[in-house]
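Written out below as structure tokens is the structure these notes cover.
Keep in mind that the numbers below use all heavy atoms, side chains included, and drop hydrogens, waters and symmetry copies. A note on names: the letters A, B, ... follow the listed sequences, proteins ahead of strands, and every chain is numbered from 1.
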Number of protein chains: 2
Amino acid sequence: MRQKDETKEIAIREAALEMIVKEGFKGTSMQKLAKKANVSPATIYLYFKNREDLLNSVYLDVRQQTNEAALVGFDSSMPFREGLKVLWLNRYRYFTEHPLHFFFLEQFLNSPLVESAARMEDKAFKRPLQQFAANAFKRGEIVKIPFEVYWPIAFSPLYQMLRFRLHPNIHLEKQPVITEQKVLQTLELVVKALQA
Amino acid sequence: MRQKDETKEIAIREAALEMIVKEGFKGTSMQKLAKKANVSPATIYLYFKNREDLLNSVYLDVRQQTNEAALVGFDSSMPFREGLKVLWLNRYRYFTEHPLHFFFLEQFLNSPLVESAARMEDKAFKRPLQQFAANAFKRGEIVKIPFEVYWPIAFSPLYQMLRFRLHPNIHLEKQPVITEQKVLQTLELVVKALQA
DNA sequence: TGCTGGTGAACGAACGTTCATTTATATTGC
DNA sequence: GCAATATAAATGAACGTTCGTTCACCAGCA
């Protein structure tokens with residue numbers, strides 16, 4: 001008997017992640033991937049059923065790591081300003097340290113591939129966030145608005161700042177310096193928008 | 001001599017747009033595209049230099065239509081609330097009527113393809129928006145903040161609502177009903193965040 | 001009649017996947 | 001302890017298909 005070499009699976013995943021970000025799904029072929037991961041094309045099929053399964057697996061893996069990092073030090077019973085600050089800084093710092101994960105998720109979530117994968121929701125991630133908002137409503141900290149009004153205000157400015165930060169060349173002619181201080185400044189305005 | 005049949009070029013563009021949205025860049029091949037547009041593969045190369053040129057061309061075309069629609073009835077000297085409302089409703093209505101354009105742009109802008117295309121900025125679009133913000137600053141209507149703080153708050157919630165509206169299945173378990181009324185409700189909170 | 005628009009077939013290259021084979025190691029028999 | 005054996009990991013070459021692009025030829029208007 002011989003054991004599966006776990007490092008190979010990781011190498012394949014990481015090669016896929018990097019290649020997708022740099023060359024897109026079209027440019028990510030199994031043969032190039034195998035070469036990049038120092039593995040035979042056939043080896044990939046020992047760890048993944050097929051190409052689609054590999055891509056889904058990378059997505060689920062990245063999403064899990066990303067969501068886990070988002071909730072560190074967070075509790076849904078926190079005061080609104082404090083809790084939102086934890087969520088924002090967790091996300092901001094994580095994606096600043098893992099820009100490939102940011103690019104990958106943006107690309108995957110905006111591709112038709114997402115239809116076959118994203119069916120499985122990450123309820124362990126969503127539930128605390130919904131509970132957090134519900135608590136803040138109840139305590140009268142924030143205005144009473146539908147979830148689909150709350151969510152875009154509470155979080156999408158952060159994602160836009162991350163876009164600015166991570167590919168600055170596209171959005172602005174001069175390099176905008178997105179700093180943690182500016183993120184917190186934006187957060188204050190968001191809190192102002194939402195507070196009762 | 002014989003004239004070029006302009007309807008063929010349009011058919012190719014539209015087939016590409018639809019195919020990219022439904023099957024991604026990977027699934028959009030020249031041969032399938034030709035079939036869908038009722039044209040020979042070779043014909044595509046009469047109108048476009050190659051595949052990349054076709055994709056860029058579709059992008060620039062969609063972007064131009066999109067940006068043009070955004071500025072209808074808008075003037076950079078408008079009062080802040082009024083001007084922002086025009087911009088929001090223009091975008092909301094345009095993408096509601098042209099969801100394929102929304103999906104295409106999201107997909108293209110988050111793919112590595114954008115590097116080769118988006119170099120050319122649409123200054124005729126950006127300049128009035130920047131002037132509009134500058135005017136509002138000067139009149140003391142909104143708080144004094146850097147552009148990279150202003151922009152995410154002013155516009156990204158709208159885009160997030162469009163994402164909710166156009167592929168609702170992914171983001172929420174129950175169909176959220178994003179209506180114009182809820183968009184305006186969100187707009188009010190954004191104005192509240194930004195006003196001095 | 002001349003010239004350009006338009007075509008279907010065909011090119012070599014690259015694609016996703018499989019298969020026959022080899023390699024490495026945990027277990028067995030002594 | 002140590003070879004022999006068994007078994008799964010791992011491979012490189014090859015499968016048939018599809019890819020982007022081109023080419024030799026035909027169609028239709030000036």
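- To the nearest angstrom, P of C:dG16 lies 10 Å from CE of A:Met19.
- For A:Ala42, whose side chain is taken as the heavy atoms from C-beta onward, the closest listed nucleotide among D:dA10, D:dC23, D:dT11 is D:dT11.
- Following rounding to the nearest Å, A:Leu46 (CG) and C:dC19 (P) show an atom-to-atom distance of 13 Å.
- Here D:dA27 presents its P atom at 18 Å from CG of B:Asp5, a figure rounded to the nearest Å.
- A donor and an acceptor atom sit less than 3.5 Å apart, one in the side chain of A:Ser40 and one in the base of D:dG12.
- For the pair A:Gln31 CD and D:dC15 P, the computed distance is 14 Å after rounding to whole Å.
- Classification of B:Glu188 and B:Lys192 as a salt-bridged pair fails, no side-chain N sitting under 4.0 Å from a carboxylate O.
- Per the geometry, NZ belonging to A:Lys8 stands 10 Å off P belonging to C:dA24, to the nearest Å.
- Along DNA chain D, the nucleotide nearest A:Asn38 and the nucleotide nearest A:Lys26 are compared for position; the residue whose nucleotide lies closer to the 5' end is A:Asn38.
- In this structure, a donor-acceptor pair under 3.5 Å is absent between the side chains of A:Asn56 and A:Arg51.
- Ring pair A:Phe102/A:Phe95 is perpendicular by interplanar angle, where above 60° counts as perpendicular and below 30° as parallel.
- The nearest whole Å value for the distance from the CG atom in B:Leu33 to the C1' atom in D:dT21 is 14 Å.
- Between the side chains of B:Gln130 and B:Arg127, not a single donor N or O lies within less than 3.5 Å of an accepting N or O.
- With D:dC19, C:dT7, D:dT21 as the candidates, the nucleotide lying closest to the side chain of B:Lys32 is D:dC19.
- Contact between the side-chain N/O atoms of B:Ser29 and the OP1/OP2 oxygens of D:dC19 is found at a separation under 4.0 Å.
- Look at CZ on B:Phe25: it is 19 Å from C1' on C:dC15, rounded to the nearest Å.
- Nearest to the side-chain atoms of A:Met30 among the listed nucleotides C:dT7, D:dT21, C:dG16 stands C:dG16.
- Per the geometry, NZ belonging to B:Lys35 stands 10 Å off P belonging to D:dT18, to the nearest Å.
- Between C:dG6 and B:Tyr47, a contact under 4.0 Å exists linking OP1 or OP2 to a side-chain N or O.
- Here the side chain of B:Lys8 pairs no donor or acceptor atom with the backbone of B:Tyr47 at under 3.5 angstrom.
- Looking at heavy-atom distances under 4.0 Å, A:Lys49 makes no contact with the nucleic acid at all.
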